[in-house]
Amino acid sequence: MRIPRQGSAVDRRGGALDAARDQLAEAVRTLGYEPGLHDMLARSRRELVVSVPLRRDGGEVEVLTGYRVQHNFSRGPAKGGTRFHPDVTLDEVRALAMWMTWKCALLDVPYGGAKGGVTIDPRNYSPAELERVTRRYTSEISPIIGPDRDIPAPDVGTDERTMAWMMDTFSVAAGHTVPGVVTGKPLSIGGSLGRAGSTSRGVALLALAALERIGVRPGTCTAAVQGYGKVGAGVVDELCAAGVRVRAVADQYGAVHHDRGLDPVALAAHVRDTGSVVGCPGTEPLAGQDLLTLDVDLLVPAAIEGVLHAGNASAVRARVVVEGANGPTTTEADRLLEDRGVLVVPDILANAGGVVVSYFEWVQANQAYRWSVEQVQQRLAERMVQAWREVSADAERRGTTLRRSATLLAVRRVAEAHTARGLYP
Ligand code: GLU
C-alpha cells in the first residue's frame, strides 16, 4: 500500500513539540490544574544553545550548533540523552526533554527530564572529528551538567564511545574522575552490565504484555520493526527469542521482509558486514514506508519522531503499536489509531528501560559497587511490569488510552513534587 504523505524533517521537528504540548494540555485538563501550574510544566526550566566550533580533518573550521534543555528537576537531577542528528532543533530537544520528565516520573526514577543534541549528520564525519565535536560540546554544556545536576546518556547517533569522551572531558576539567556524570558508558569505566540492551528488553517485555492483553500468543504473532539501531536490533532479537515471527525490518537505507519470519542471526551478521539490513540473504526488498502498513499483529516504530502521521495512520494494520522511539506518533495519528481500536503502548512507558538502567548505572557509580547482570535485569523487569500494571489499570478504569493514562500519572507525580517543594521565593 502506498503512503499518501511522508512527514518531512520539518514536520517531524515542529510536530514533536506540538505533540508533547497537546499531551500535557490534555492531562492538565483532566487533572484540573491552574493555568500557572500548566505553564510551569509546559516550559523548560533551563535551555542552553551553544556554538560548537570543529576543526575538520582537512584543517578548515566549521561551526555546529548544540543544545541542552532541562525541562524539569522537581523530582531530582535532570536526565536524558544526547542526540547527534541533522534534524536536531531547539524545539525537538524541548519536546524530547519534556518526555524524559514524564518517563522518569512514570517509572518512579528520581530524576527530572533533559535532552541534548548537536545538529550534525555523524555519517559525514570521521571518528576523530566526532571526538572533537563531543569534547567541545561537553565543555560548552559543562556548567549545567554533573552527577547531581543533569546526567546525559546516549540517544540517536551517539553511543558508549561518545559517553566515554563526555565523561573524560568533564573529568579532566574537574581534575578527578567523575563516573556519575553520564550513563551508557563502556563497562571498563563504570558502565552497567545490562545497560546496552535495556531499552530493547523493556520494549519487548511490554510488547509481549500488550499482546497477552489482546489474547495473542507470541508463537502465533507476526511483527514489523522500523529501525535497526541500538533499540530496534535488540527488539528483533528479543521478539524472535520469544517466538514472534518478525516479518520485516527497516533502517535508514531501506527495508527487507520475509513472510515466514526473518532470521535474526543472519540479519545481525549482514548488518555487521555491510552496515545495513538492505540485501540481507534470504529476504526480499520492501519500500521503507510500506513496513508501517504491513499486515502484522505488532508494529514497533523504533527510529525517530513523527513516522506515524495523518497520512498513513489509517492504513496501519497492526493491532498493537509499541513505541520504541520517542514520539513516533503525531497527535492526529494517535486519534486515528484510537478510533480504529489499535492498542498503542506509548514511548514514555515502552522505551523507559534505557533510562531505568541508566539510573541503576548512576546508583552503582555513586556506590562504587557493581551489580550482576541478573540483578539489573530483574530490577528492570520489576519496574517495567509495575509501571505497565499501573498504567493499564488506570486506562481501564477511565476507559481511555494507555498514552493518556501514562501522561496523566506522570504529570501528577511531577506536579505533586513541585507543590510539595513550594515556590521560591
Ligand atoms: N536516550 C534514552 C531515552 O530517550 C535514554 C536516556 C537516559 O538513559 O538518560 O530514553
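Computed from a predicted structure; not experimentally measured. We count ligands from 1, going down the list as the structure has it; atoms in each ligand are counted the same way.
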Rounded to the nearest 0.5 Å, what's the gap from CH2 on W371 to OH on Y369? Could you check?
-> 11.0 Å

Please work out whether any backbone atom (N, CA, C, O) or any side-chain heavy atom from C-beta onward of M163 is under 4.0 Å from ligand 1, and answer side chain, backbone, both or neither.
-> neither

Residue K79 vicinity, atoms of ligand 1 by number, heavy atom under 4.0 Å = 7 (C), 8 (O), 9 (O)

May I ask you to identify the nearest protein heavy atom to atom 7 (C) of ligand 1, giving residue, atom name and distance to one decimal place in Å?
-> A153 CB, 3.3 Å

Between N326 and ligand 1, which part of the residue brings a heavy atom under 4.0 Å of the ligand: side chain, backbone, both or neither?
-> side chain

Side chains of S198 and R201, donor plus acceptor under 3.5 Å | no

Residues E390 and R413 bridged, charged N to O under 4.0 Å | yes

If you measure only the distance, is there a donor-acceptor pair under 3.5 Å linking the side chains of Q364 and Y359?
-> no

Ligand 1 atoms nearer than 4.0 angstrom to some heavy atom of K115 are 1 (N), 3 (C), 4 (O)

With atoms numbered from 1 as shown, which atoms in ligand 1 lie under 4.0 angstrom from a non-hydrogen atom of R195?
-> 5 (C), 8 (O)

At a 4.0 Å threshold, what atoms of ligand 1 neighbour a non-hydrogen atom of V355?
-> 7 (C), 8 (O), 9 (O)

Cationic N near anionic O, under 4.0 Å, D150 to R68 | yes

Near G80, which atoms of ligand 1 are under 4.0 Å from a heavy atom of that residue?
-> 9 (O)

Quick one: look up the protein heavy atom nearest atom 3 (C) of ligand 1 and list residue, atom name and how far away it is.
-> K103 NZ, 3.4 Å

The closest protein heavy-atom partner of atom 8 (O) of ligand 1 is S358 OG, 2.6 Å

Side chain to side chain donor-acceptor pair (under 3.5 Å) with T400: of R403, R404, R398, only one passes, and it is R404

Determine whether the side chain, the backbone, both or neither of P154 has a heavy atom under 4.0 Å from any heavy atom of ligand 1.
-> backbone

So F84 and T162, side-chain contact (heavy atoms from CB on, under 4.5 Å) or not? Walk me through it.
-> CA-CA 10 Å; F84 283 5; T162 324; 4.3 Å; yes

Quick one: look at R83 and ligand 1, take heavy-atom pairs under 4.0 Å, and tell me if it's side chain, backbone, both or neither.
-> neither

CA sep, side-chain torsions, deciding dist, call: T82, V118, side-chain contact (heavy atoms from CB on, under 4.5 Å) | CA-CA 8 Å; T82 305; V118 177; 5.7 Å; no

